[in-house]
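Below is one structure, written out as structure tokens; comments come after it.
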Amino acid sequence: MLNFTVGPVQAESYIQEIGYEQIPYFRTPEFSEIMFENERLMKRFAKAEPEARVVFLTGSGTASMEAAVINVFDSTDKLLVINGGSFGQRFVDICRIHRIPYIEVQLAAGENITREQLRNYDDSGITGVLVNVCETSTGVRYDLPAISEFCCRNGAFLVVDAISSFMADPFDMQKLNVDIMITGSQKALACPPGISIIVLSEKACERVNVHNAQCLYLDLKIALKNGERGQTPFTPAVGILRQIHARMKAIERAGGVEIETKRIRTLAYDFRKQIKDLPFEIITTTPSNCVTPLRPLTNEPSVITEILKKEYEIWVCPNGGELGKLLFRVGHLGALSFADNTVLVNAFKDLQKRGII
Ligand SMILES: *Cc1c(COP(=O)(O)O)cnc(C)c1O
């Protein structure tokens, strides 16, 4: 199968090979060294300040979204949640479950947030903002500089879910004044799912350390403390952390995160150019480089995704729920090439010839 979903994505063979090895015991100086280097490289790739810290949590991306929220906010806060799809809704659900007051900015599928919209919430007591840089369900990449400016004007704490956008789009944690940034192992890191990553600014660490988190497993205080010696409080997904290590070292050797971002962007642009004459509409004018959200003009998304899977052995990414009737997505993360793009585009052209699209 050729995998164009947005996670898990295709891994390079050197990552697959590590997956085949035995899992070593981890309460060792050798494993601590790997974790120190993971933290160092993650900080460099996120352009985090020198005092920033990184927590590698064993759990999918949602575990880190929940951990971030419950370790810095409580019932005395008033959050602004940008909700333009499934992942914005997830932040809403987290606030609701943990009884953290919030206001939702609801956006249509693919719609970006504007400075004018944000201005409506100036001086309204907002203490924090939750946003998914790329709302992966629709592919829109939000205007992070505008959101960052809103947070600076209002003294609000900025939590950014960059799970799908990290390394696909340029990102500078310091320039954007981001307090907490989140990513995961199964997106552009192109490793197996199971580890999610939280980068905390110095200010965020201070806040975590005085906060009373109501959860043992997701208590970031304990994680930060253990991290000082390159360890985790509980048994982590050791194998995936070793794969992340190999992957980040390879990106560093190849010239760093900018080169990886350029590679992904070039693939995305190539794909978008190749489908120009096909009966699809890209549903946002500001897509992330990580994914192209396509509304088929001539058939149901599910019909197309099913035929691609069964007859062409290609996975593209269907949407769930109501959005599933509107669009499907083509991811650009992981070990994909221009030749792979052409295989997919040729399959689309074949579907067109057969009268399916
Ligand atoms: C993939 C993704 C997540 C994480 O989802 P999990 O299934 O919990 O790993 C969260 N936010 C965004 C924007 C994502 O793309």
Side-chain angles (χ1 to χ4, degrees), residues 3-11 46 55-70 81-95 97 104-105 107 109-113 129-144 147 158-169 171 178 180-199 215 217-218 236-237 240-241 243-244 261 264 268 283-284 286-293 315-321 323-324 327-334:
N3 182 357
F4 283 94
T5 67
V6 263
V9 300
Q10 293 182 165
V55 170
F56 293 84
L57 206 60
T58 295
S60 81
T62 308
S64 280
M65 291 169 74
E66 190 157 10
V69 172
I70 69 173
V81 187
I82 316 296
N83 184 1
S86 328
F87 293 103
Q89 183 59 41
R90 198 162 298 179
F91 268 140
V92 167
D93 294 340
I94 290 169
C95 290
I97 287 168
E104 227 176 303
V105 187
L107 298 169
E111 182 189 355
N112 208 332
I113 188 147
V129 174
L130 305 179
V131 63
N132 323 90
V133 190
C134 168
E135 168 53 75
T136 320
S137 65
T138 69
V140 61
R141 179 182 172 214
Y142 291 127
D143 185 348
L144 207 50
I147 294 167
L158 178 54
V159 175
V160 165
D161 162 5
I163 296 182
S164 58
S165 167
F166 179 64
M167 295 207 295
D169 303 307
F171 179 78
V178 171
I180 291 187
M181 178 276 221
I182 306 165
T183 190
S185 54
Q186 82 273 30
K187 304 280 165 92
L189 281 171
C191 287
I195 290 285
S196 52
I197 300 153
I198 309 178
V199 185
C215 181
Y217 192 76
L218 299 180
I240 303 171
L241 288 165
Q243 287 168 309
I244 288 173
T261 301
I264 297 169
I283 66 142
T284 177
T286 54
S288 162
N289 294 327
C290 73
V291 64
T292 302
W315 275 321
V316 292
C317 213
N319 275 72
L323 278 178
L327 72 145
F328 68 92
R329 296 157 298 157
V330 174
H332 308 296
L333 304 179

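As the structure lists them, so they are numbered: ligands from 1, and atoms in each ligand from 1. For reference, positions follow the sequence shown, starting with 1.
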Between Cys134 and ligand 1, which part of the residue brings a heavy atom under 4.0 Å of the ligand: side chain, backbone, both or neither?
backbone
For Ser185, enumerate each residue passing the side-chain contact (heavy atoms from CB on, under 4.5 Å) test, keeping only those at least two apart in sequence or located in another chain.
Cys191, Ile195, Ile240, Ile244
Look at the side chain of Thr5 and the backbone N and O of Pro8, then say whether any donor-acceptor pair between them is shorter than 3.5 Å.
yes
If you take the nearest heavy atom of each of Asn132, Asp161, Val6, which one is closest to atom 12 (C) of ligand 1?
Asp161
How close does the nearest protein non-hydrogen atom get to atom 1 (C) of ligand 1, and which residue and atom is it?
Lys187 NZ, 1.4 Å
Check for a donor-acceptor pair, side chain of Gln186 on one end and backbone N or O of Gly7 on the other, with a separation under 3.5 Å.
no
Using a 4.0 Å heavy-atom cut-off, say whether Thr62 meets ligand 1 through its side chain, its backbone, both or neither.
both
For atom 3 (C) of ligand 1, grab the closest protein heavy atom and report residue, atom and distance to one decimal in Å.
Phe87 CE2, 3.4 Å
Could you see which bit of Glu135 sits under 4.0 Å from ligand 1, with heavy atoms only: side chain, backbone, both or neither?
neither
Against heavy atoms of Thr136, which atoms of ligand 1 measure under 4.0 Å?
12 (C), 13 (C), 14 (C), 15 (O)
Is there a donor-acceptor pair closer than 3.5 Å between any side-chain N or O of Thr183 and the backbone N or O of Ile197?
no
Would you check whether Arg90 reaches within less than 4.0 Å of ligand 1, judged by its heavy atoms?
yes
Nearest to atom 6 (P) of ligand 1, what protein heavy atom do you find, and at what distance?
Ser60 OG, 3.3 Å
To the nearest 0.5 Å, how far apart are OG1 in Thr136 and NZ in Lys187?
5.0 Å
What is the distance from atom CZ of Phe91 to atom CD1 of Ile82, rounded to the nearest 0.5 Å?
10.5 Å
Test your reading of the model: is there a side-chain donor-acceptor pair from Asn132 to the backbone of Asp161, 3.5 Å cut-off?
no
Contacting atoms of ligand 1, where contact means under 4.0 angstrom from a heavy atom of Gly61
4 (C), 6 (P), 8 (O), 9 (O)
Is a side-chain donor or acceptor of Asp143 paired with a backbone partner of Asn112 at a separation under 3.5 angstrom?
no
Quick one: look up the protein heavy atom nearest atom 10 (C) of ligand 1 and list residue, atom name and how far away it is.
Ile163 CD1, 3.2 Å
